[in-house]
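What follows is a set of notes on a single structure, which appears directly below.
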Number of protein chains: 2
Amino acid sequence: MHQNIRQMLELTYSEENYLKAIFHLSEEGKKSVSTNDISAEMKTRPASVSDMLRKLGEKEVIEYRKYYGVHITEEGKKLALQTIRKHRLWEVFLVEKLNFSWDEVHEVADELEHIKSKILIQRLDEYLGFPKFDPHGDPIPDEYGDVRSRPRLPLSELEINATGQIVAVKDSSAAFLRYLDKVGAYIGARIKVMDKVEFDGSIEILVDNKKSIFMSKEVVNNILIMQ
Amino acid sequence: MHQNIRQMLELTYSEENYLKAIFHLSEEGKKSVSTNDISAEMKTRPASVSDMLRKLGEKEVIEYRKYYGVHITEEGKKLALQTIRKHRLWEVFLVEKLNFSWDEVHEVADELEHIKSKILIQRLDEYLGFPKFDPHGDPIPDEYGDVRSRPRLPLSELEINATGQIVAVKDSSAAFLRYLDKVGAYIGARIKVMDKVEFDGSIEILVDNKKSIFMSKEVVNNILIMQ
DNA sequence: TACATACATTAGGTATGACTAAAATATGAT
DNA sequence: ATCATATTTTAGTCATACCTAATGTATGTA
Ligand SMILES: [Mn+2]
Ligand SMILES: [Mn+2]
Ligand SMILES: [Mn+2]
Ligand SMILES: [Mn+2]
């Protein structure tokens with residue numbers, strides 16, 4: 001069923017980071033991912049990216065045609081999803097068990113996600129009660145790389161008087177998350193759109209039927225809701 | 001009080017491993033630690049050790065005189081103890097929270113010990129209830145590198161009819177730990193020496209006043225007890 | 001079609017951390 | 001005091017992962 005004939009190839013710490021970045025960039029736009037995109041995401045120079053793309057291409061986790069960007073392969077997707085699974089499980093652990101706030105977990109999880117032990121992740125998953133979403137509302141892939149994502153749309157697309165529930169954030173930067181904490185928005189909060197300003201794309205929302213907040217276009221584009 | 005004027009220097013993953021090995025070897029014999037000793041402990045070739053000693057010497061975490069072995073400095077001791085602290089806290093986590101057995105934790109902890117976040121370790125320590133000993137009975141240094149070790153001696157030194165309690169194991173290899181599991185010996189078990197065989201150094205002990213076991217010299221040398 | 005320019009790759013270099021083989025040093029035995 | 005041997009270091013190499021500078025490629029505009 002979910003077994004691999006060929007044994008799972010090992011990636012280095014750095015290769016895992018690049019592959020994860022390529023996976024995320026692939027999800028956004030559908031077309032191929034460019035060297036410059038990866039360079040920006042990874043904060044390394046384009047020349048370094050080219051080096052890495054050659055290596056990832058040889059390992060067949062991406063399809064690499066020089067000058068034409070890359071596509072992630074099925075094998076690559078599977079590996080990237082394993083790293084993402086570990087990242088998100090560790091984030092849940094940090095928030096649920098160690099009382100980290102959701103804006104503090106990203107960097108630490110970026111290190112923890114590379115710990116190799118398979119049994120560690122299985123036990124951690126079990127210990128956390130097999131969570132399906134991380135603290136930012138992102139789905140946690142299962143050990144076969146399957147993701148049960150829930151339908152979600154940017155808060156900006158809700159009409160006046162429409163209601164919904166915050167299920168995730170598109171931007172997980174500490175600055176944005178701390179802003180959300182400050183205004184009392186959180187994953188699970190119930191939202192009603194009270195007013196929309198055509199001019200600047202800002203809106204007024206009611207949170208949990210009690211608190212009225214004004215949010216800028218930048219903010220509402222980065223809050224994902226479920227209706 | 002415990003503050004450092006100069007900021008704590010950063011060591012690489014590999015430097016941390018070498019320094020930890022040097023620290024452990026220093027604890028055993030009091031004299032200086034040789035290149036070959038480190039080579040054996042680290043499973044790298046002596047030439048690689050010489051390279052690393054030069055680097056660690058430059059960073060002043062060891063005192064390095066070519067051809068005469070090394071001594072760890074106070075700064076080095078402090079850093080090694082931080083790594084050991086992390087290693088042992090993670091071991092406690094794996095056993096107490098994730099139900100690892102004590103023979104499964106070492107390799108995983110050897111990776112986890114290098115995760116950098118200071119707050120992570122503080123929170124983990126708190127979450128675990130500020131444990132003072134790891135699953136193998138070894139003391140956990142505090143965040144300043146202070147160790148409260150309890151007096152302990154090899155089981156081999158107990159006289160006939162003397163009693164004691166297992167507080168630690170000298171050898172933490174999976175093979176040895178699984179043997180102890182099999183015969184029902186564990187940290188905290190009460191021991192009474194029933195008989196000692198001069199010829200081969202083996203002994204007969206009573207565990208928890210109910211189970212009689214024969215143990216070889218190799219085994220009794222590696223069990224540490226408190227009287 | 002030509003070409004300016006943005007984008008991407010290659011060439012060459014650095015740092016880390018490993019290796020083998022060769023050379024240097026220390027040490028114990030005669 | 002000399003020397004054989006074990007130990008240790010150095011020299012030279014390789015792989016990973018980054019960099020800058022130079023070169024090559026694609027693409028849209030003239
Ligand atoms: Mn990472
Ligand atoms: Mn997340
Ligand atoms: Mn380690
Ligand atoms: Mn231990």
Side-chain angles (χ1 to χ4, degrees), chain A residues 9-22 25-26 28-29 31-72 76 79-80 83 110-111 113-116, chain B residues 9-22 25-26 28-29 31-72 76 79-80 83 110-111 113-116:
Chain A
L9 68 148
E10 292 269 307
L11 298 183
T12 65
Y13 185 107
S14 202
E15 286 168 344
E16 282 184 352
N17 283 334
Y18 273 93
L19 191 60
K20 194 167 61 115
I22 292 166
L25 291 167
S26 303
E28 290 172 18
K31 11 154 231 154
S32 72
V33 179
S34 75
T35 298
N36 265 2
D37 291 345
I38 300 168
S39 165
E41 180 79 13
M42 293 293 299
K43 284 155 194 186
T44 55
R45 319 258 51 204
S48 310
V49 175
S50 287
D51 279 354
M52 184 56 85
L53 294 184
R54 192 187 37 71
K55 281 190 287 182
L56 292 177
E58 279 164 12
K59 292 196 172 185
E60 296 180 48
V61 295
I62 60 171
E63 220 181 294
Y64 176 39
R65 275 184 59 216
K66 278 179 195 172
Y67 294 102
Y68 291 92
V70 299
H71 291 274
I72 194 162
L79 287 168
T83 306
D110 257 350
E111 285 192 67
E113 72 191 1
H114 304 290
I115 304 289
K116 298 248 171 310
Chain B
L9 69 148
E10 292 269 307
L11 297 183
T12 65
Y13 185 108
S14 201
E15 286 169 344
E16 282 184 352
N17 283 335
Y18 272 94
L19 191 60
K20 193 166 63 113
I22 292 166
L25 290 167
S26 304
E28 291 171 18
K31 14 157 228 151
S32 71
V33 179
S34 75
T35 299
N36 266 0
D37 291 346
I38 299 167
S39 165
E41 180 81 12
M42 291 294 297
K43 285 156 190 173
T44 55
R45 319 260 50 206
S48 310
V49 175
S50 287
D51 280 353
M52 183 54 86
L53 294 184
R54 192 186 37 70
K55 280 191 289 182
L56 293 176
E58 279 164 12
K59 293 195 170 184
E60 297 182 51
V61 295
I62 60 171
E63 221 181 295
Y64 176 38
R65 274 183 60 217
K66 277 179 197 173
Y67 294 101
Y68 291 92
V70 300
H71 292 274
I72 194 163
L79 287 168
T83 306
D110 258 350
E111 286 192 67
E113 72 191 0
H114 304 289
I115 304 289
K116 298 251 170 310

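Note on naming: letters A, B, ... go to the chains in the order of the sequence lines (proteins, then strands), and numbering restarts at 1 for each one. Only a predicted model underlies this, so the values are computations on that prediction, with no experimental measurement involved.
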Every protein N/O lying under 3.5 Å from an N/O of nucleotides 25-28 of chain C:
{"from": "dA26(C)", "atom 1": "OP1", "to": "Tyr68(B)", "atom 2": "OH", "distance (Å)": "3.2"}

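- If you find the closest nucleotide of DNA chain D to Asn36(B) and to Arg45(A), the one lying nearer the 5' end belongs to Asn36(B).
- The side chain of Ser14(A) approaches dA17(D) more closely than any other nucleotide in the set dT10(C), dT9(D), dA17(D).
- Neither OP1 nor OP2 of dC18(D) sits under 4.0 Å from any side-chain N or O of Thr44(A).
- Between Lys20(A) and Ala80(A), the shortest heavy-atom contact is CA-CB, 4.5 Å.
- Among the heavy atoms of the strands lying under 4.0 Å from Tyr64(B) are primed sugar atoms or P, OP1, OP2 only; no base atom is included.
- Two end axes, each from the C1' atoms of five base pairs, can be drawn for the helix from dT1(C)-dA30(D) to dT30(C)-dA1(D); they diverge by 20°, to 10 degrees.
- Atoms CG and NZ, on Leu11(A) and Lys116(A) in that order, are 8.0 Å from each other to the nearest 0.5 Å.
- Applying the side-chain hydrogen bond (donor to acceptor under 3.5 Å, both in side chains) test to Thr44(B) and every residue at least two apart in sequence or in another chain returns Tyr18(B).
- Side-chain N/O atoms of Tyr18(A) include none lying less than 4.0 angstrom from OP1 or OP2 on dT16(D).
- In this structure, CZ of Arg65(A) is placed 15 Å from C1' of dC7(C), rounded to the nearest angstrom.
- Side-chain N/O atoms of Lys43(A) include none lying less than 4.0 angstrom from OP1 or OP2 on dC18(D).
- Rounded to a whole Å, the CE atom of Met52(A) is 14 Å from the P atom of dT9(C).
- Rounding to the nearest 0.5 Å gives a distance of 10.5 Å between CD1 of Ile115(A) and CG of Asp110(B).
- Put simply, CG on Asp37(B) is 11 Å from C1' on dT7(D), counting in whole angstrom units.
- Considering only side-chain atoms of Ser50(A), the nucleotide from dA8(C), dC19(D), dC19(C) that sits closest is dA8(C).
- In this structure, NZ of Lys59(A) is placed 13 Å from C1' of dA17(D), rounded to the nearest angstrom.
- Ranked by how close their nearest DNA chain C nucleotide is to the 5' end, Lys55(B) and Ala47(A) are led by Ala47(A).
- As rounded to whole Å, 17 Å separates atom P of dT16(D) from atom OH of Tyr13(B).
- Distance from the side chain of Asp51(B) is smallest to dT10(D) among dT9(D), dT10(D), dT16(C).
- Between the P atom of dT8(D) and the CD1 atom of Ile62(B) lies a distance of 13 Å, rounded to the nearest Å.
- The side chain to side chain donor-acceptor pair (under 3.5 Å) analysis of residues 31-40 of chain B, with sequence neighbours excluded, yields the pairs Ser34(B)-Asp37(B).
- Within the structure, no pair that satisfies the salt bridge (charged side-chain N to carboxylate O under 4.0 Å, His left out) test touches residues 38-50 of chain A, not counting sequence neighbours.
- Between Ile22(B) and Val33(B), the shortest heavy-atom contact is O-CG2, 4.1 Å.
- Taking atom CD on Glu15(B) and atom C1' on dG17(C), their separation rounds to 10 Å, with Å as the unit.
- The phosphate of dC7(C) has neither OP1 nor OP2 within less than 4.0 Å of any side-chain N or O from Ser34(A).
- With sequence neighbours left out, the ring-ring contact (aromatic ring centres under 6.0 Å, His included) criterion links Tyr13(A) to His114(A).
- At the heavy-atom level, Ser48(A) lies under 4.0 Å from base atoms of the strands shown.
- No donor-acceptor distance shorter than 3.5 angstrom exists from the side chain of Lys66(B) to the backbone of Ser50(B), with no hydrogens or angles considered.
- Side-chain contact between Glu15(A) and Leu56(A) is present, with at least one heavy-atom pair separated by less than 4.5 Å.
- In this structure, Leu53(A) atom CG and dC18(D) atom P are separated by 12 Å, rounded to whole Å.
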